[in-house]
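The structure appears right after this line, and notes come after that.
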Number of protein chains: 2
Amino acid sequence: MTTREAIILKGDHLIRDKGYNAFSFYDISKSLKIKNASIHYHFATKADLGVEVVNQHIFLVEQLIKSVEGRVPEVKLKAFLSIYDSTKQEERVCLVGSLATDLKTVEPKMKKQLALLANKILVWLTQILADGKREGVFMFRETARTKALMIITNMLGALQVSRLTGSKDFFAIREAVIRQLKEK
Amino acid sequence: MTTREAIILKGDHLIRDKGYNAFSFYDISKSLKIKNASIHYHFATKADLGVEVVNQHIFLVEQLIKSVEGRVPEVKLKAFLSIYDSTKQEERVCLVGSLATDLKTVEPKMKKQLALLANKILVWLTQILADGKREGVFMFRETARTKALMIITNMLGALQVSRLTGSKDFFAIREAVIRQLKEK
DNA sequence: ATATAACTACCTACTAGTTGGTAGGCAAAT
DNA sequence: ATTTGCCTACCAACTAGTAGGTAGTTATAT
């Protein structure tokens, strides 16, 4: 892994651990054992790093989407949920949730990329649900987009709330999301 | 309103606007036209102010619970949802959501009070749902607690995600939450 | 082959501004 | 006489960001 990639990874972890405004270049420099100025060599400003962190997530989501292309909706749903599963394992929150709170303090470019990420996930899940309903494997009464929004907010919120109420609540929500789709 | 109350209110607004780590005593002093040191007279540390902001929310939720005591579950549900409606109107996010992201940077006492607030809301909504189901006005297959978690994460997440995807998504989620309870 | 120019990836050392927090004073109310 | 509620004036620590240097790599010209 290049230093540049390591900085992005660390930035990502810090944002989803502590929040964008709580981490500093010092945190990264300390952890990667390089100097503050070296981070500025790779990323002129903190906002530039922030944008690249979001772009990295966009890339990973696109990769995940491709990796399950052509598979049945159930497999795609599992892939979608795996994003939140791994985040829960790390005891972090999702990027969209973390940055949505700090949204009024981040640069326009970062906000724009974040909206792009959020929309990409929403459009993907909407399509999965619509296909699943057509094929008779998923059942729901709302529009596919609204149902997608509800599942996304369930998972995003589950990561946040379960930090306070306990991990088992995350899994209770996760299981209920799947069950609801199969037996309505 | 006393200066102390004004500081708490401003702190609350700033936390739910920008996040805990993005606001400073300077923001408050500027806005209330008092000096930094005057805020420290009322609250020894930033964490002390944070705790009081959370306590204020606990107080308001307790007041809201009392105000609909003895009413039918539908009225109580409306009261619950009104918390998020007014937050949406202010274009802010809810306190639990905002502080859950910053959780690893806040003092233990603040975390403790926040967990208390989250639990109070969860227990209240769980009871509303259980009562509503028993009386035949609400329908759902999950346990009352899981259903409550799902609705809370829907509303908390709706406030955050709709900052990126558009306000109409907040209302789509809100309406779907109500509809789901009435027709399953 | 070799000198040179340009680039990469870091470094030391610094700055201006902001942060939460403190010491001590002072006027008005109790 | 003491407490309340604010003030001025300060501070140490931390913030993102800059200036300028250096050792090693790569590309180009002679």
Side-chain angles (χ1 to χ4, degrees), chain A residues 1-54 56 98-99 101-111 113, chain B residues 1-56 98-99 101-111 113-114:
Chain A
M1 186 167 36
T2 65
T3 302
R4 186 191 153 87
E5 287 164 350
I7 294 168
I8 293 174
L9 187 66
K10 207 77 215 170
D12 170 48
H13 287 176
L14 285 164
I15 290 171
R16 293 186 298 112
D17 241 29
K18 311 164 61 170
Y20 182 75
N21 290 300
F23 92 88
S24 73
F25 277 24
Y26 177 69
D27 292 327
I28 295 177
S29 70
K30 191 175 49 181
S31 164
L32 298 185
K33 284 164 181 121
I34 56 171
K35 300 297 156 175
N36 175 314
S38 308
I39 305 168
H40 277 287
Y41 166 77
H42 293 282
F43 304 96
T45 67
K46 189 180 179 181
D48 288 331
L49 171 56
V51 168
E52 284 314 304
V53 168
V54 180
Q56 178 66 12
S98 176
L99 290 176
T101 350
D102 299 332
L103 205 65
K104 293 188 184 175
T105 71
V106 305
E107 284 218 339
K109 170 111 200 240
M110 204 168 153
K111 187 174 166 177
Q113 291 309 100
Chain B
M1 188 166 34
T2 65
T3 302
R4 186 191 153 87
E5 287 164 350
I7 294 168
I8 294 174
L9 187 65
K10 207 77 215 171
D12 170 48
H13 287 176
L14 285 164
I15 290 172
R16 294 186 296 112
D17 241 30
K18 310 163 63 171
Y20 182 75
N21 289 300
F23 94 87
S24 72
F25 277 26
Y26 178 68
D27 291 327
I28 295 176
S29 71
K30 191 174 51 180
S31 162
L32 298 185
K33 285 167 180 114
I34 58 170
K35 301 296 156 177
N36 176 313
S38 308
I39 304 168
H40 277 286
Y41 166 75
H42 294 282
F43 305 95
T45 67
K46 190 181 178 180
D48 287 332
L49 171 56
V51 169
E52 283 314 305
V53 168
V54 180
N55 282 341
Q56 178 66 13
S98 176
L99 290 175
T101 359
D102 300 332
L103 204 66
K104 293 189 183 174
T105 72
V106 305
E107 283 218 339
K109 171 113 200 238
M110 204 168 153
K111 186 174 167 178
Q113 291 308 100
L114 191 66

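Lettering follows sequence order; numbering is per chain, from 1.
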- Flag the pair A/Leu49 / A/Phe25 as yes when at least one side-chain heavy-atom distance between them is below 4.5 Å, and no otherwise. yes
- For DNA chain D, find the residues of residues 15-37 of chain A with a heavy-atom distance under 4.0 Å and give them by number; none if there aren't any. A/Phe23, A/Ser24, A/Phe25, A/Tyr26, A/Asn36, A/Ala37
- Query: Does A/Lys10 count as lying over the ring of A/Phe23, i.e. NZ or CZ under 6.0 Å from the six-ring centre, within 45 degrees of the axis?
  - Reply: no
- Neighbours of DNA chain C within residues 38-51 of chain B, by heavy-atom distance under 4.0 Å: B/His40, B/Thr45, B/Lys46
- Item | By side chain to side chain donor-acceptor pair (under 3.5 Å) - contacts of B/Asp17 (at least two apart) | A/Lys104, B/Arg92
- Item | More than 12 heavy atoms of other groups within 6.0 Å of B/Lys111 NZ | no
- Query: Between the main-chain N or O of A/Ile15 and the side-chain N or O of A/Ser98, is there a donor-acceptor pair closer than 3.5 Å?
  - Reply: yes
- Query: Quick one: NZ on B/Lys30 to CG on B/Leu32, what's the gap to the nearest 0.5 Å?
  - Reply: 11.5 Å
- Message: I need the B/Leu99 CG to B/Gln113 CD distance, nearest 0.5 Å.
- Response: 12.0 Å
